[in-house]
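Beneath this line is the structure, given in structure tokens, with notes to follow.
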Amino acid sequence: MGENIRFNIKLADVPIGISALYNSTKLFCREYLTDEKPACKVCVEYSDIVFEKEKSAMQDERNGVSVRRFSDNYLETLAVYRKIAEELTDWGILLFHGSAVAVDGEAYLFTAKSGVGKSTHTRIWRETFGSRAVMVNDDKPLLRITDGGVTVYGTPWDGKHHLSNNIAVPLKAVCILERGSENRIRKITRREAWPFLMQQTYRPACSDKLEQVMRLTEQITSKAGLYRLACNMEAQAAVTAYEGMK
């Protein structure tokens, strides 16, 4: 770790200046590098890495599992994305925890509690629909909310399977997944969807930013189809989900 590493990336159509401590962070973002003048900047200090380390340890302790040890290089990528997420709320953009797959140019965003099988379900979609299906992001896509609707963007933060593409796709629907012995999908109300969507959206500590996130999440519920899917993770689950949301 020497002098700060400075570079620009473009996420959700916003050029962002990054000042990082490790060159590995620039390598991590290599598919999103840009020469465009940044509209905003984020700077990582070592205290940010310490914060991520302590936050991860507290979460493991709450979950009753052994505390995981991550490298400073990896923790810096988390710190960068946290700072980016807070900046991008000013552009009407949210960081969302979910797996987004596009079929025929429309994106379907699946979210669920940890361990339910978001990535498994979108893998079934890709296997079922073949070349018609394109992965947008498997873990933490960005959602840009405008008067015209919601657009889903790929990011480098794409989960343990590293499934993402640097693309932008209009959002057709958001689907809350749960396990079930039979595949059943139903449309849900904005009131039913909103609390769960808020849980899956990055929520800044700053009250003003948090209010922005709440407003943007409310707008998503009025601009995209909202569904709940009980699925058994077999091939038919993708067909049931697609036909129910299409």
Side-chain angles (χ1 to χ4, degrees), residues 7-18 20 24-36 38-40 42 74 76-89 91-112 117-146 148-175 177 197 200-202 213 216-217 220 223-224 238 241-242 245:
F7 57 95
N8 299 336
I9 64 174
K10 191 172 184 179
L11 296 176
D13 291 330
V14 179
I16 305 162
I18 308 293
S24 57
T25 300
K26 181 178 180 180
L27 181 63
F28 177 80
C29 298
R30 59 190 177 277
E31 294 182 9
Y32 294 79
L33 295 173
T34 182
D35 293 327
E36 293 184 40
C40 63
V42 303
Y74 170 73
E76 180 173 71
T77 66
L78 301 184
V80 166
Y81 206 25
R82 185 182 302 277
K83 288 174 174 283
I84 287 173
E86 297 189 358
E87 289 288 337
L88 290 184
T89 57
W91 277 265
I93 299 167
L94 297 180
L95 188 168
F96 194 85
H97 185 213
S99 185
V101 62
V103 173
D104 299 336
E106 293 181 311
Y108 299 83
L109 177 58
F110 294 92
T111 188
K118 300 181 295 294
S119 296
T120 300
H121 187 72
T122 51
R123 174 179 58 78
I124 294 171
W125 274 56
R126 298 194 308 276
E127 292 172 351
T128 300
F129 298 109
S131 61
R132 294 171 58 197
V134 178
M135 202 69 205
V136 183
N137 184 278
D138 196 33
D139 189 36
K140 295 183 177 69
L142 291 172
L143 307 182
R144 186 165 195 161
I145 300 95
T146 66
V150 182
T151 304
V152 187
Y153 292 81
T155 78
W157 291 267
D158 51 12
K160 62 183 180 182
H161 302 297
H162 301 295
L163 295 171
S164 186
N165 285 286
N166 188 358
I167 58 176
V169 186
L171 179 63
K172 175 73 172 179
V174 182
C175 186
L177 284 182
L197 298 190
Q200 302 302 94
T201 302
Y202 174 70
V213 168
L216 291 168
T217 304
I220 291 173
K223 296 177 182 293
Y242 177 74
M245 291 187 286

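In this text, all values refer to a predicted model and were calculated from it rather than measured experimentally.
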> Going from CG on D35 to NZ on K10, what distance comes out if it is rounded to the nearest 0.5 angstrom?
Replying inline: 11.0 Å
>> Using the salt bridge (Lys or Arg N to Asp or Glu O under 4.0 Å) criterion, which residues pair with R82? Sequence neighbours excluded.
In response: E52
> Can any side-chain N or O of K172 pair as donor or acceptor with the backbone N or O of A102 at less than 3.5 Å?
Replying inline: no
> Roughly how far, to the nearest 0.5 Å, is the CG atom of L109 from the SG atom of C175?
Replying inline: 9.5 Å
>> Looking at R126 and A133, would you say the former's side chain and the latter's main chain have a donor-acceptor pair under 3.5 Å?
In response: no
> What residues form a salt bridge (Lys or Arg N to Asp or Glu O under 4.0 Å) with R123, not counting sequence neighbours?
Replying inline: E127
> What is the distance from atom CD1 of I145 to atom CD1 of I93, rounded to the nearest 0.5 Å?
Replying inline: 8.0 Å
>> If I compare all heavy atoms of H121 with all of A241, which pair ends up nearest, and what's the gap?
In response: NE2-CB, 3.9 Å
> If you round to the nearest 0.5 Å, how far is CG of N8 from CG of L33?
Replying inline: 8.5 Å
> At their closest point, which heavy atom of I124 faces which heavy atom of A238, and how far apart are they?
Replying inline: CG2-CB, 3.7 Å
>> For a side-chain contact (heavy atoms from CB on, under 4.5 Å) check, start with the C-alpha distance between N165 and V134, then their side-chain angles and the critical distance, and finish with the verdict.
In response: CA-CA 8 Å; N165 285 286; V134 178; 3.8 Å; yes
> How many angstroms lie between CZ in F28 and CZ in R30, if you round to the nearest 0.5 Å?
Replying inline: 9.0 Å
>> Ring centres under 6.0 Å, that's the criterion: do Y242 and F129 meet it?
In response: yes
> Can you list the steps and then say if V169 with T151 is a side-chain contact (heavy atoms from CB on, under 4.5 Å)?
Replying inline: CA-CA 6 Å; V169 186; T151 304; 5.8 Å; no
>> For a 4.5 angstrom cut-off between non-hydrogen side-chain atoms, does T122 reach F110?
In response: yes
> To the nearest 0.5 Å, how far apart are CG in L11 and CD1 in I84?
Replying inline: 5.5 Å
> Do V136 and V101 have side chains that get closer than 4.5 Å, going by heavy atoms?
Replying inline: no
> Considering all heavy atoms of both residues, which atom of A173 and which atom of M245 are nearest to each other, and what is their separation?
Replying inline: CB-SD, 3.7 Å
> Under 3.5 Å, side chain of T155 to main-chain N/O of K140, donor-acceptor pair present?
Replying inline: yes
> Taking side chain as C-beta onward, heavy atoms only, is M135 less than 4.5 Å from S164?
Replying inline: no
> For the side chain of T111 and the backbone of H97, is there at least one donor-acceptor N/O pair under 3.5 Å apart?
Replying inline: yes
> Do Y81 and P156 come close enough that some side-chain heavy atom pair is under 4.5 Å?
Replying inline: no
> So, S99 versus D138: side-chain donor-acceptor pair below 3.5 Å or not?
Replying inline: yes
> What heavy-atom pair brings G154 and Y32 nearest, and what distance separates the two atoms?
Replying inline: C-OH, 3.3 Å
> V150 and K223: which non-hydrogen atoms are nearest, and at how many Å?
Replying inline: CG2-CB, 3.9 Å
> Taking side chain as C-beta onward, heavy atoms only, is V42 less than 4.5 Å from E87?
Replying inline: yes
> Between the main-chain N or O of P170 and the side-chain N or O of E106, is there a donor-acceptor pair closer than 3.5 Å?
Replying inline: no
> When you measure from the side chain of W157 to the backbone N and O of T77, does any donor-acceptor pair fall under 3.5 Å?
Replying inline: yes
>> For a 4.5 angstrom cut-off between non-hydrogen side-chain atoms, does L94 reach Y202?
In response: no
> Are F96 and L197 close enough that some pair of their side-chain heavy atoms sits under 4.5 Å apart?
Replying inline: yes
> Checking side-chain contact (heavy atoms from CB on, under 4.5 Å) for the pair L95/L142: CA distance, chi angles, key distance, verdict?
Replying inline: CA-CA 5 Å; L95 188 168; L142 291 172; 4.1 Å; yes
>> Minimum heavy-atom separation for P15 and E36, please, with both atom names.
In response: CG-OE1, 3.5 Å
> Looking just at side-chain N and O atoms, do Y153 and N137 make a donor-acceptor pair shorter than 3.5 Å?
Replying inline: no
> Hey, is the main chain of V213 close enough, under 3.5 Å, to the side chain of T89 for a donor-acceptor pair?
Replying inline: no
> With a 4.5 Å heavy-atom cut-off, do R144 and V152 have their side chains touching?
Replying inline: no
